[in-house]
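First the structure, in the form of structure tokens, and then the observations on it.
By convention in this document, chain letters (A, B, ...) are assigned in the order of the sequence lines, proteins followed by strands, and residues within each chain are numbered from 1.
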Protein chains: 2
Amino acid sequence: MPAPTPASSPGPAGSVRRRVGRPTAAVLDQDGITTAALELISSKGYDGLTMAALARSLGVAPSALYNHVASKDDVLLLVEDHLAAMVDVTAFGVEPWDVAVRRWAWSYRDVFSEHTPLIPVIAVLPVANAPKTLAMYEAVTAGFRDAGFPEEKIISAIVALEAFVFGAAYDVTAPEDIFDAGNLAEQVPNFTAAVDRLALERHARPTDVAFRLGLEALITGFGALRG
Amino acid sequence: MPAPTPASSPGPAGSVRRRVGRPTAAVLDQDGITTAALELISSKGYDGLTMAALARSLGVAPSALYNHVASKDDVLLLVEDHLAAMVDVTAFGVEPWDVAVRRWAWSYRDVFSEHTPLIPVIAVLPVANAPKTLAMYEAVTAGFRDAGFPEEKIISAIVALEAFVFGAAYDVTAPEDIFDAGNLAEQVPNFTAAVDRLALERHARPTDVAFRLGLEALITGFGALRG
DNA sequence: CCAATAAATGAATGGCATTCATTTACATCC
DNA sequence: GGATGTAAATGAATGCCATTCATTTATTGG
């Protein structure tokens, strides 16, 4: 069963006339690719995101994608930029600085904890080709400046917070028993005791407790820098 | 030029008698694989670390590796555990708590900033099969406990510090101009100004400044939790 | 001495991103 | 309105990769 091609006039029965060459209207564009990639990721995960699968979901040959993106990393960058727009920066300039940072960091972590395979790509790729990501940075930077942050420390503070957020995003995806020492437990008594002790606290997800603990320390520490 | 096999008695000239089957003494073991992997990584980087290249550097067929490791991820776990032993935990129990944390976190970041491709693997894999990693956690946990940390908060604090360390390790590898907004600079004036302002400070690497800023905030914040 | 096992080989396998020659519909210019 | 150029598709290769498997054989344990 060939992929349906909207405006093709099929030939005589038995011979399917396949559309070749420039179509009436471009089937593909970066928005469509981004959307299809996101759907694929949410249904099959990042392992299912292959150029072949992406092309299939768009009813197109894999090679056709390369007319619109330079590489698979390019697709990942498109996805990343889309996600950056979902991070909540609306509190900056409206709520107090600490509230705004808290909202931003939690939503940043939540968005990317579902997309950790992007992190190695984001962390290294220049931001120039990611307009929505840049817009996020702009909002956060403005929020810090308006809160009285010394200008030469703003980027450092954001970088530090972002590092924490990315690391914490991984932590969200870790299996619950990641700290189970198994048969080596006897050799690490202090560690085992601390892990067991934490397990008794049944208030919130351990990953959320750790994130809150670290985030509050960063907010308190950075808040003291404001002029 | 075939790989030399120590105790093989070559056949007549023109026909090289290759060793097949169980050798006199096992050529491979996990230590040897780990060492070879580390050498390969340091010479060719993680892109050069393929099972084929690893086997070649050991003078062995790729399939032979699978008698000693279950998968490539298994190799990465061996490497990770080796690196964990290089992280400096010697200050715990000797120096004051804050000094020890500082030394641990800086060395942890420095070690893994050269090995960021391991991070996605570490962050998710149970610790039970990584004895040296466990030993590191044990030393850190004991240090926190002896410093008067409430036991139910120790793991959370370590997890938070580790998240920050992993994120910061990525940051070390980022290109210098990662925050260059390019032709979109006009649309993000606050961000651009802050980036430019930071560039004027020529004291230390920006990545180190950000790491110090975040780490000191975490140490101060967590230090207040001690009983 | 014999059977079991551990440890190697090399030849598949299947999946992957990416490249390339080719084709064709549309837009533009003369 | 016809020629020309170009954007956008095709599908067939390419080369790399991790992993599997049947096979072989030296050593070890009963």
B:His68 vs C:dA6: side-chain N/O to OP1/OP2 distance below 4.0 Å: no
Can you tabulate the close N/O pairs, meaning under 3.5 Å, that link protein atoms to atoms of nucleotides 18-22 of chain C?
{"residue": "C:dT18", "atom": "OP2", "partner": "A:Tyr66", "partner atom": "OH", "Å": "2.7"}
{"residue": "C:dT18", "atom": "OP2", "partner": "A:Lys72", "partner atom": "N", "Å": "2.8"}
{"residue": "C:dT18", "atom": "O5'", "partner": "A:Tyr66", "partner atom": "OH", "Å": "3.4"}

D:dC16 C1' sits how many Å from B:Arg56 CZ, rounded? 12 Å
How are the rings of A:Tyr108 and A:Phe112 set relative to one another: parallel (under 30°), tilted (30 to 60°) or perpendicular (over 60°)? perpendicular
What is the distance, rounded to the nearest whole Å, between atom CD of B:Gln30 and atom P of C:dA7? 11 Å
Please report whether the ring centroid of A:Phe222 lies less than 6.0 Å from that of A:Phe144. no
Intermediate values then yes/no, side-chain contact (heavy atoms from CB on, under 4.5 Å), B:Leu215 and B:Phe164: CA-CA 8 Å; B:Leu215 181 59; B:Phe164 178 62; 4.0 Å; yes
May I have the distance from B:Asp29 (atom CG) to C:dA7 (atom P), rounded to whole angstrom? 10 Å
Separation of C:dA7 P from B:Asn67 CG (nearest whole Å): 7 Å
Measure centre to centre between the rings of B:Phe166 and B:Tyr170, then say whether the value is under 6.0 Å. no
Nearest whole Å is fine: how far is D:dA18 P from B:Asp47 CG? 11 Å
Whole-Å gap separating C1' (C:dC16) and OH (A:Tyr46): 18 Å
Closest to side chain of B:Thr50, choosing from C:dA8, C:dT9, D:dC17: D:dC17
Fit a plane to each ring of A:Tyr137 and B:Phe191, take the angle between them on a 0 to 90° scale, and name the class: parallel (under 30°), tilted (30 to 60°) or perpendicular (over 60°). parallel
Could you walk me through whether A:Asp110 and A:Phe211 pass the side-chain contact (heavy atoms from CB on, under 4.5 Å) test, one step at a time? CA-CA 11 Å; A:Asp110 287 345; A:Phe211 186 67; over 6 Å; no
Report the distance from atom CG of A:Leu65 to atom P of C:dC16, rounded to the nearest whole Å. 14 Å
Whole-Å gap separating C1' (D:dA9) and CG (A:Leu58): 13 Å
